[in-house]
Amino acid sequence: MTGSSTANLLEMQNITKRFPGVLALDNVTLKVKPGSVHALMGENGAGKSTLMKCLFGIYSMDEGKITFNGNEISFANSKQALENGVSMVHQELNQVRQQNVMDNIWLGRYPKKGIFVDEKKMYEDTAAIFKSLDINIDPRSKVSSLSVSEMQMVEIAKAVSYHSKIIVMDEPTSSLTETEVNHLFRIIKRLQSENVAIIYISHKMEEILKISDEVTIMRDGQYIATRSAKDLTTDEIIKLMVGRDLSQRFPAKENKPGDVILKVSDLTAETQPSFSNVSFELKKGEILGIAGLVGSKRTEVVEALFGIRALKSGKIELNGREVKNHSPQHAIKNGFALVTEERRSTGIFSDLSISFNSIISNMRQYKTKSGFLSNKKVADDTQWVIDSMKVKTPSQKTSIGSLSGGNQQKVIIGRWLLTKPDILLLDEPTRGIDVGAKFEIYQLINQLAAEGKGIIMISSEMPELLGTTDRILVMSNGKAAGIVDTKTTSQEEIMRLAALY
Amino acid sequence: AGCSSSTSGSGDSASSKDSKLPAVGATIYKFDDNFMSYVRRAMETSAKGNVNLMLNDSQNDQAKQIEQVDTLIAKGAKSLAINLVDPKAAQTIVDKAKAKDIPVIFFNKEPDESVLQGYDKAYYVGTTSSESGVLQGELIAKAWEANKDKWDKNHDGKLQYVLLKGEPGHPDAEARTKYVVDTVKSKGIQVEQLAMDTAMWDATKATEKMDAWVSKYSDKIEFVIANNDGMALGAISSLEKAGYFSGDKFVPVVGVDAIPEALEMIEKGKMVGTVLNDAKNQGKATIDLATNAAKGKDVLDGTEWKLDDKKAVRVPYVEITKDNIQVGKDAYK
Amino acid sequence: MSTEALKKSGSKDIQKSKSGFSKWIVDNVIYLVLLLLVVGIVVASPDFLSMTNLINILSQASSRVIIALGVAGILILAGTDLSAGRMVGLAAVVSASMLQASDYAYKMYPHLQELPLFVPIIIAMLATGLISAISGVIVAKFHVPPFIATLGMMIVVYGTSSIYFDRPPYGAQPIGGLSEKFTTFAQRGIKLGQYEFPYLIFYAIIVSLIIWVIWNKTQLGKNMYAIGGNPEAAKVSGVNVAKNIIIIYMIAGLLYGFTGVLEAGRVGSATNNTGNMYEMDAIAACVVGGVSLTGGIGTVPGIVTGVLIFQVINYGLAFLGVSPYIQFIVKGLIIIVAVAFDMRKHAKKK
Amino acid sequence: MSTEALKKSGSKDIQKSKSGFSKWIVDNVIYLVLLLLVVGIVVASPDFLSMTNLINILSQASSRVIIALGVAGILILAGTDLSAGRMVGLAAVVSASMLQASDYAYKMYPHLQELPLFVPIIIAMLATGLISAISGVIVAKFHVPPFIATLGMMIVVYGTSSIYFDRPPYGAQPIGGLSEKFTTFAQRGIKLGQYEFPYLIFYAIIVSLIIWVIWNKTQLGKNMYAIGGNPEAAKVSGVNVAKNIIIIYMIAGLLYGFTGVLEAGRVGSATNNTGNMYEMDAIAACVVGGVSLTGGIGTVPGIVTGVLIFQVINYGLAFLGVSPYIQFIVKGLIIIVAVAFDMRKHAKKK
Ligand SMILES: Nc1ncnc2c1ncn2[C@@H]1O[C@H](COP(=O)(O)OP(=O)(O)OP(=O)(O)O)[C@@H](O)[C@H]1O
Ligand SMILES: Nc1ncnc2c1ncn2[C@@H]1O[C@H](COP(=O)(O)OP(=O)(O)OP(=O)(O)O)[C@@H](O)[C@H]1O
Ligand SMILES: OC[C@H]1O[C@@H](O)[C@H](O)[C@@H](O)[C@H]1O
Ligand SMILES: [Mg+2]
Ligand SMILES: [Mg+2]
């Protein structure tokens, strides 16, 4: 915050934003230089997205002043923001899935020929943008047929296509693989060379330090500090974010794998293309990671174990006995639990309370003899979830949709722990979650394993797999490419296996 | 028991077998209308063995009826018997029939005279919508004169009434509402309307409107006039709740249609009277004319019906009170 | 931000209580709407404020509350039910046909003995419960959108009850001459001082309580909210989605059946058109009462209030003697305005 | 699965073409349903296969296609429109009242000169267009759920058209005696050989083409799909969501108005009850034709096919001489079964 203020492209000063019952932003300041990558960091719920939405005209701030390009601005809606050189990649994928890629990219500003939309120009322009960004997607394909990472790349391309002076990227890499992340970084470098500024929100430390010039850190809706990235270390960032030291990223492992409890042999999905001939074993008290590129069908394997996806052949043995999970009910009865990958669409009941979200999978336990649910047991278990998961919430009745992503995730994990599962399946359990919360979740996983549960964890974050698991199953294009021992393997070996088929 | 009705519900399944008989295409404005269901039955009875009667339910939708006429013509109807939904739509149907030279017998709902005059093969069988209102009015006037000292509760010499109207815009509702009051007045009786509202022919709605009126006017109401018996019954149920018809608490109620339940109420003294539409003869006359027309004969050939100067066979309404209740009951034999 | 930060803020208490109160108002706006309506009518006609009118409105609202609670369960599942009104008609016709007084001349079953009251009631309710469960199966197992499944069912049920109703010897005649025990059941009440409180009101209260318990205190109820809120998540959470949907439809069917019985008894007769379009009023009352058509949201007190609002409008306008056509216009406008106000509670603050 | 992965898979071509064909069948099942229906009726009654019947069905479908396309736009926005039928009624009454033959005895406006045909048509369409735009404002600006906004509007419009309709000198009489140019416009057609193809069919074709162009070739159309598919996405992409919603409602209103004019002309008279409940058939036809009630999905050919399916059922059952009450049951079942089959296209195979 030295340097003359005229050098800044964007200055957001003393921004305050209240939601009913919540002070989401409390006097926050953000200054971004042209052509720089400015990282915005903070724990879940720190107010990063809210700050950006105030800039982008989605929310109107209650107090404060925004100067952009030398002029004081306050966009009434997104259209104004886009027209004035601010574009944004949103944290939640905001696409019209029923329409095709180019319809999505030009939404709100279709090229026209007379009164008609100029489809040809639209196609050519899209193709040109994709080409310049090195993206290989057919502009005419339906968005719903894309993989999540492809959707994400389309969103990024769309933001770039506005030729804005500043682009906000709110967790753009949450569903990208390593290669795609590198691809994004190349795009960012190019934009930077064209003097475009980027505000980059992410929970991934390595990325931040690699890509950004400056870092602004927020905590609890307040501005904490802005530093040059060169001068920062991961530990320092974490300290600023959480307000205390967090010496290591991963807790020490205490679990001791025992006998085999789950034996999976030759599993093949009914509807192909999907996984085929997948075999592995899981031991009591073991944490088994599953690595692979996005699209390698890791999710489908755990879905099949949980009875959501039909099997053509194969055998699942639990403690030596064959089990057939035809539905989640069967799976739950057999002691399985699944924390799904897409929290919003298959995890939370957004409008309903934390209490409801905690107990929904474990309802049988609350029935009294009369058949009604016991208020007390429900309240006790909800409180257990809130306390042991360290969920930040005003009350049990708060709707889960108003919590930050990390806190939502903790409630979901708590939900499944209430069912006292033997086998816990975790699909990207830390996606979009801040370091502090991540650490807590790793601790939890560790502790559960130490208690003798078998845990399978899918993750796209290599350090996470290496830091928490005992063994790692690597999937490649629907097949099991190999199982490696975490202690002795390397990132390179995993990458090699992931690209095997 | 429900199954037997699937054949008797429509003369049509019989028709496919009797395909040698001349085909008469018929539309009923609304199949489950309580009065029209009797007319329909009479038509089926008369048609048996004489003509192949193809019945259609217009579901109270004139556009639907026009389409059914197209279908009937496409199916080769030799004459049409049409119970209009909306009397002013007659011309459209005549145009369609005329183009194929098919005779049309309108029944129960009367088209404009000019329409009948415009096509030599168009006739009408039925009553006049206004007649039911007139008869209801006469019935009210007679009863009022006979019981004035008891029924004129406020002794002002005026008849204070509430009126439950059928569906607004429905020709019967409009005609009955207008003519019943006009007729009472024409008999020299002073009237005062306390309230009028539509209950859409519906007993439940009538009960609820009546609840509000009873609460508001209580004993000021001296007569309850309903456009049909269904609503009259609804009103009675509300009045009973308020303690009427037990002891000497009483208010006269009248309706139209002479449905069995209403006859029962008249016998029990809870209703003063109703007006009977002669279903049997309307149905019979309609089929008689349509059969002759289909066979290419003079429409009156071999029948005792007479046409008036408007090319119409008139089947009169009958007012029903306790005195001639048997007339009403016979209609259901 | 977090509650902690809030605690830090100086004038937190004032702030909290203030936003608390205005939030309370916004959250409870429908109760205010009801109050305002009553006040409005009373101002226009002070004699509206009478015990008789209150009893009338409550008893008229009673059967509507019951059908509305049935429909509401399905709405909370993010479904809809267009067949409700026709189900009411079926149950009305069936129960009335079996409860005609033995000395009535135009009986549908001339030789039928007088049955104990509960037998026809149970038969009618089982019929509609079963049919509605079939709708549930069509929705849950064949994935037909509820709009279409229940539209189809509405037409099928109407055809069925017409066939049942319109047949020899008397054809399409209102089924009347109901036995006295039936009309007593639906028309009489408990005398308290000079007033008679219709049993209907108590039936509605009892049904509301039962439904409240089901929705709030049982696994079925929780599952219903879960399915309506997020069916995918419910499935993954181990809820047997299809089974629960079918049960909720079945309960709705039972309630429609009971409504039909009450309608026949209350009016003293039944036709195949009894109940026609009741579903529209029921759905509208639910929405006015805060049920979300996108599922997952709705409470019993809200729904009861929604029904009362409609009934106060209907009764009040008739009581005021507003001309019928103007009644339509006023009623339409009130519905829109009431919901527009209520929507402010969901309005995402920008 | 990503396209890359697909490219990698070996037997991609065979696999693609095979799944392509069965996918084609599944995606186009409604056209098959239509075909099957026709075949079924022809088998039952071979003389169904005639030019006259074809023309009858097409002309009966015509005004229904027009109202359905109006409703469909709103459905694609993830809305609904219960007022459509009453709007048809309003337009019918308004246009008929201004198009009575000058020598007709019971004219509503006895002194009105005969107007050029297009004047009353335009007036009627502007009236419904405006009213529907108001519904749009209520939905878009006041966030009233479309179900309630249009339910309220339905009641208001019915009251309004009743007031317009029921007044001196003749009171609530059906408005008849329409001028010949009006009936010609709606009842006559183009003679080709021995057959007369009603103009109605051509109006429906022209309207379908216009709507197809709007939906597929203009910004408005793309915005409509986007708003229906994901309103948040549309908003953050700078689409003026409210404006587009209001325009789509307005277009729907214009189409209802045109339908009303055609209904009056086709029937030769109009009452305030004209068009009652048309919206139900229209919505059902849209859903059968593949429009998703959750928004974002729907095509003109699909909707036209949906309407045709309904019309073939209606016409076919009447032609076969099925008893009316049985017709209801059969019709209800066909709707459910047709959609159940169609739903397989959305069935997530897992
Ligand atoms: N529309 C809203 N209504 C009420 N509260 C909200 C709303 N949006 C955000 N909040 C609250 O504001 C606070 C900040 O949320 P925000 O989404 O900005 O956090 P974030 O830093 O982006 O977190 P994450 O890393 O999890 O995305 C949180 O407490 C959140 O619950
Ligand atoms: N055939 C397909 N059509 C459309 N979407 C698909 C298809 N296959 C997978 N997806 C989607 O693409 C994403 C990738 O899932 P997939 O199971 O293929 O890989 P994964 O390795 O489990 O992915 P992740 O690493 O994100 O868990 C999922 O969101 C899935 O819904
Ligand atoms: O349209 C329905 C109405 O038709 C009338 O003719 C009849 O008298 C009424 O009872 C009612 O049935
Ligand atoms: Mg965020
Ligand atoms: Mg007097």
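Just so you know, these numbers come straight off a predicted model, no measurement behind them. Residue numbers begin at 1 in each chain, while the letters A, B, ... track the order of the sequences.
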Engineer: Of the non-hydrogen atoms in D/Gly295 and A/Gln98, which two are nearest, and what is the gap between them?
Structural biologist: O-NE2, 3.5 Å
Engineer: Are A/Leu107 and D/Asn223 packed together at the side-chain level, in the sense that at least one heavy-atom pair is separated by less than 4.5 angstrom?
Structural biologist: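 A/Leu107 reaches D/Asn223 side chain to side chain.
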Engineer: Can you give me the closest heavy-atom contact between A/Val117 and D/Lys222, atom names plus distance?
Structural biologist: CG1-CE, 3.9 Å
Engineer: Under 4.5 Å from any heavy atom of chain D, what part of A/Lys113 do you find: side chain, backbone, both or neither?
Structural biologist: neither
Engineer: If you count heavy-atom pairs under 4.5 Å with chain D, which of A/Glu83, A/Gln99, A/Gln80 comes out on top?
Structural biologist: A/Gln99
Engineer: Indicate yes or no: at least one non-hydrogen side-chain atom of D/Ser237 is less than 4.5 angstrom from one of A/Lys158.
Structural biologist: yes
Engineer: Should we count CZ of D/Phe142 as having more than 12 external heavy atoms under 6.0 Å?
Structural biologist: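 For D/Phe142, atom CZ is not crowded (no more than 12 foreign heavy atoms under 6.0 Å).
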Engineer: Let's go through A/Met88 and D/Val236 carefully: what are the C-alpha distance in whole Å and the side-chain angles of both, what is the deciding distance for side chain to side chain contact (heavy atoms under 4.5 Å, CB included) to 0.1 Å, and is it a yes or a no?
Structural biologist: CA-CA 9 Å; A/Met88 182 159 172; D/Val236 298; over 6 Å; no
Engineer: With rounding to the nearest 0.5 angstrom, report the OH to CD distance, A/Tyr110 to D/Gln219.
Structural biologist: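 A/Tyr110 OH to D/Gln219 CD: 7.5 Å, rounded to 0.5 Å.
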Engineer: Chain A heavy atoms under 4.5 Å from D/Asn216: which part of the residue, side chain, backbone, both or neither?
Structural biologist: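 Interface part for D/Asn216: backbone (N, CA, C, O).
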Engineer: Could you check which of D/Pro231, D/Gly221, D/Gly296 has the highest count of heavy-atom pairs closer than 4.5 Å to chain A?
Structural biologist: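 Option with the greatest count: D/Gly296.
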Engineer: Quick check on A/Glu119 against chain D: is it the side chain, the backbone, both or neither that has a heavy atom closer than 4.5 Å?
Structural biologist: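 Just its side chain gets close to chain D.
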Engineer: Please classify the contact between A/Ile115 and chain D as side chain, backbone, both or neither, with a heavy-atom cut-off of under 4.5 Å.
Structural biologist: backbone
Engineer: Taking every heavy-atom pair that is under 4.5 Å apart, which of D/Ala234, D/Gly228, D/Gly229 has the most such pairs with chain A?
Structural biologist: D/Gly229
